[in-house]
Amino acid sequence: MEGAGEEMARRLWAELPVRVDWAAVAAQCAYAWAQARAFLVVPAVRLLVFVSLAMTVMILLEKLFVAAVFLSVKTFRRLRPERRYRWQQITAGDGEDEEAGLSGSAAFPVVLVQIPMYNEREVYKLSIGAACALEWPSDRVVIQVLDDSTDPVVKDLVEIECQRWKGKGVNIKYEVRGNRKGYKAGALKEGLKHDYVQECEYIAMFDADFQPESDFLMRTVPFLVHNPEIALVQTRWKFVNSDECLLTRFQEMSLDYHFKFEQEAGSVVYSFFGFNGTAGVWRISAIDDAGGWKDRTTVEDMDLAVRTALQGWKFVYVGDVKVRSELPSTFKAYRFQQHRWSCGPANLFKKMLMEILENKKVSFWNKIHLLYDFFFVGKIAAHTVTFMYYCFAIPLSVFFPEIQIPLWGVVYVPSVITLCKALGSPSSFHLVILWVLFENVMSLHRIKAAVTGLLDAGRVNEWVVTEKLGDASKIKPTIDVLDAVKVIDVELTTPLVPKLKKRRTRFWEKYNCSEIFVGTCIIISGCYDMLYAKKGYYIYLFIQGIAFLVVGFEYIGTRPPRTE
């Protein structure tokens with residue numbers, strides 16, 4: 001019966017008058033594609049190219065302006081911070097008053113030094129030791145270690161280190177809280193609630209891997225003492241591991257430009273720039289005036305800086321004062337850091353747009369600087385146009401002969417932007433091509449983070465503490481013998497942590513599949529250009545695609561040390 005039914009069905013189908021003309025179907029599909037291409041796809045790509053070129057010109061003008069300010073500061077000494085603001089060394093003699101019975105240290109304001117920490121096993125000693133070695137009267141400084149560590153062993157080590165310095169006469173406070181609400185902003189906010197902080201006038205902030213020179217307070221606090229309109233003194237970062245690998249070298253090039261050019265220009269022209277979250281000194285009254293720390297974004301430092309500027313306070317950047325710090329040397333740590341640095345500003349821009357527009361305390365031009373230059377060009381356009389133009393629009397244009405990108409938009413403008421940024425690190429000029437290729441690769445993560453921030457969705461509030469390796473990657477771990485160390489007796493035969501079963505790592509977990517996919521697509525575009533389009537982009541497309549693959553397979557950065 002079943003065979004007879006199939007035979008009948010075939011006979012009925014054969015007798016139907018309808019026949020499928022596959023050639024006609026193909027012709028219809030080709031016609032539909034031609035119409036969609038002409039009236040939808042090509043105009044969309046043209047619009048993408050136009051927007052990309054417009055944003056690239058915006059970035060070019062901003063880079064030229066910043067470079068002009070930098071050259072002016074180097075040429076005219078009166079533009080340096082010591083000339084633009086009052087600065088005079090604080091000395092003990094200034095505070096002596098024999099009749100009142102005051103000691104010479106009365107001339108020095110009381111300074112709070114805050115060090116927020118979270119499981120900083122490798123670097124906690126360096127930061128605490130550097131803070132305790134600062135030159136300042138011992139009765140006029142308070143070292144506050146804000147430990148949010150969840151590892152009990154690390155907590156004990158940090159507390160022991162604080163007790164060791166306290167035994168040497170240093171006024172150091174070890175503070176912990178019951179939760180990690182608000183992350184770093186929450187810890188800093190909680191730290192200001194202690195009674196002993198009430199007598200402090202200024203706060204010097206250092207992340208756990210930062211090591212200030214002993215004269216740091218002597219060179220920065222006078223700006224705040226003699227200029228009541230200044231809220232923040234920001235100093236420059238100096239990197240102790242910049243030569244560790246190519247990844248750290250690229251980071252040094254980017255950050256050197258940020259400090260030497262962008263921070264300097266913001267300080268000179270607008271008396272404003274984004275606080276970097278560390279290596280700076282704040283006036284406590286300015287923090288209070290701005291509403292204190294808020295944890296609504298992952299860039300609590302920038303949030304505070306913008307709110308403080310909207311209250312009319314001024315910032316000053318002192319590039320001659322450098323604080324040593326560590327760059328993330330693993331790609332995973334760097335990627336998490338860049339997500340936070342790209343997502344947070346975009347999210348903050350969305351949340352503060354109306355607040356900036358409605359503000360009555362700052363001038364119209366300062367508002368324009370905040371909205372256009374600081375946020376849109378610096379934090380959004382710079383992160384989005386790099387991928388949108390160099391990694392998407394240009395490769396896509398090779399498939400459309402109708403779309404011709406002008407030579408100035410492909411060669412001249414990008415070259416000038418690159419040269420302006422390369423001036424920040426003249427000693428690394430020979431790496432500029434590799435650096436640009438790597439920055440284009442990182443733009444994939446930055447544009448995803450910026451869009452996440454603008455849409456206030458997904459990983460918008462993800463906070464991953466940047467991994468610090470300290471000396472762990474260079475030397476074998478040793479056991480330190482400290483004074484008054486707590487001895488914990490344990491049975492060596494009983495493991496403190498259960499042994500975990502080794503899980504097989506899947507391909508998409510071991511490698512960065514998004515970079516591999518984009519790199520493959522760009523190389524395909526290069527092949528099409530070389531064989532058919534003949535636009536001459538294929539050389540760039542090949543090396544850019546290879547750069548994506550190198551990062552995709554994680555052939556950049558160092559490997560974190562294995563813990564047995």
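Numbers here simply count residues along the sequence, with the first being 1.
What you find for P345 and F375 is that their closest heavy atoms are O-CE2, 3.7 Å. The two residues D147 and V176 have their closest heavy-atom pair at O-CG1, 3.5 Å. Looking at every heavy atom in both residues, A187 comes nearest to L146 through O-CD1, 3.5 Å. When all heavy atoms are compared, the tightest approach of R177 to D148 is NH2-OD2, 2.8 Å. A pairwise comparison of heavy atoms in C391 and N440 identifies SG-O, 3.7 Å as the closest pair. When all heavy atoms are compared, the tightest approach of I115 to A131 is CD1-CB, 3.6 Å.
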- Message: Would E439 and R446 count as a salt bridge (Lys or Arg N to Asp or Glu O under 4.0 Å) here? Give the steps.
- Response: CA-CA 10 Å; E439 286 293 294; R446 291 173 181 145; 3.0 Å; yes

- Between E262 and K63, does a salt bridge (Lys or Arg N to Asp or Glu O under 4.0 Å) hold up when you go through it step by step? CA-CA 9 Å; E262 294 176 334; K63 299 305 177 190; 3.4 Å; yes

- Task: Take K448 and S514 through the side chain to side chain contact (heavy atoms under 4.5 Å, CB included) test and state the conclusion after the steps.
- Result: CA-CA 11 Å; K448 288 191 295 185; S514 56; 4.1 Å; yes

- Test F216 against F206 for ring-ring contact (aromatic ring centres under 6.0 Å, His included), laying out the working first. CA-CA 11 Å; F216 177 87; F206 303 102; 5.0 Å; yes

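Each of F275, W293, W313, Y202 was compared with W282 under the ring-ring contact (aromatic ring centres under 6.0 Å, His included) criterion, and only F275 meets it. In summary, of the residues considered (F261, Y317, Y257), a ring-ring contact (aromatic ring centres under 6.0 Å, His included) with F70 occurs for F261 alone. The only option from R236, R324, R219 that meets the salt bridge (charged side-chain N to carboxylate O under 4.0 Å, His left out) definition with E213 turns out to be R324.
With hydrogens and angles disregarded, a donor-acceptor distance shorter than 3.5 Å links the side chain of Q144 to the backbone of G191. Side chain of K351 to backbone of R296: a donor-acceptor contact under 3.5 angstrom is found. A donor-acceptor pair under 3.5 Å links the side-chain atoms of T235 to the main chain of A279, judged by distance alone. At least one donor-acceptor pair closer than 3.5 Å links the side chain of T558 to the backbone N or O of S329. No donor-acceptor distance shorter than 3.5 angstrom exists from the side chain of R249 to the backbone of S428, with no hydrogens or angles considered. Under a 3.5 Å cut-off, the side chain of T248 and the backbone N or O of N241 do form a donor-acceptor pair. In this structure, R180 contributes its side chain and G186 its backbone to no donor-acceptor pair below 3.5 Å. When atom types are taken as modelled, the side chain of T520 and the backbone of I516 share a donor-acceptor pair closer than 3.5 angstrom. Side chain of K314 to backbone of S271: no donor-acceptor contact under 3.5 angstrom is found.
For F517, the CZ atom sits in a loose shell: 12 or fewer heavy atoms of surrounding residues, nucleotides or ligands are nearer than 6.0 Å. Heavy-atom contacts from other residues, nucleotides or ligands closer than 6.0 Å to NZ of K166 number 12 or fewer. At most 12 non-hydrogen atoms from other residues, nucleotides or ligands lie less than 6.0 angstrom from NZ of K238. Heavy atoms of other residues, nucleotides or ligands lying less than 6.0 angstrom from CG of L455 number more than 12. Within 6.0 Å of NZ in K189 there are 12 or fewer heavy atoms belonging to other residues, nucleotides or ligands. Atom NZ of K155 is surrounded by more than 12 heavy atoms from other residues, nucleotides or ligands within 6.0 Å. Shown here is K322, whose NZ atom has no more than 12 heavy atoms of other residues, nucleotides or ligands within 6.0 Å.
Ring pair F239/W237 is perpendicular by interplanar angle, where above 60° counts as perpendicular and below 30° as parallel. Ring geometry, F315 versus F272: the interplanar angle falls from 30° to 60°, so the pair is classed tilted.
No side-chain donor from either of S149 and D151 sits under 3.5 Å from a side-chain acceptor of the other. Judged by distance alone, the side chains of S425 and D256 do bring a donor and an acceptor atom under 3.5 Å apart. If you check the side chains of N512 and E515, you find no donor sitting under 3.5 Å from an acceptor. Donor-acceptor pairing under 3.5 Å is lacking for the side chains of S138 and N171. Q163 and Y174 form no side-chain donor-acceptor contact under 3.5 Å, judged by distance and modelled atom types alone.
Using a cut-off of 4.0 Å between Lys/Arg side-chain N and Asp/Glu carboxylate O, E175 and K193 are scored as not salt-bridged. Between K184 and D207, at least one side-chain nitrogen of the basic residue sits less than 4.0 Å from a carboxylate oxygen of the acidic one, meeting the salt-bridge criterion. Taking a cutoff of 4.0 Å between a charged side-chain nitrogen and a carboxylate oxygen, R80 and E264 do not qualify as a salt bridge.
At least one cation-pi condition fails for K379 and F349: the charged atom is not both under 6.0 angstrom from the six-membered ring centre and inside a 45 degree cone around its axis.
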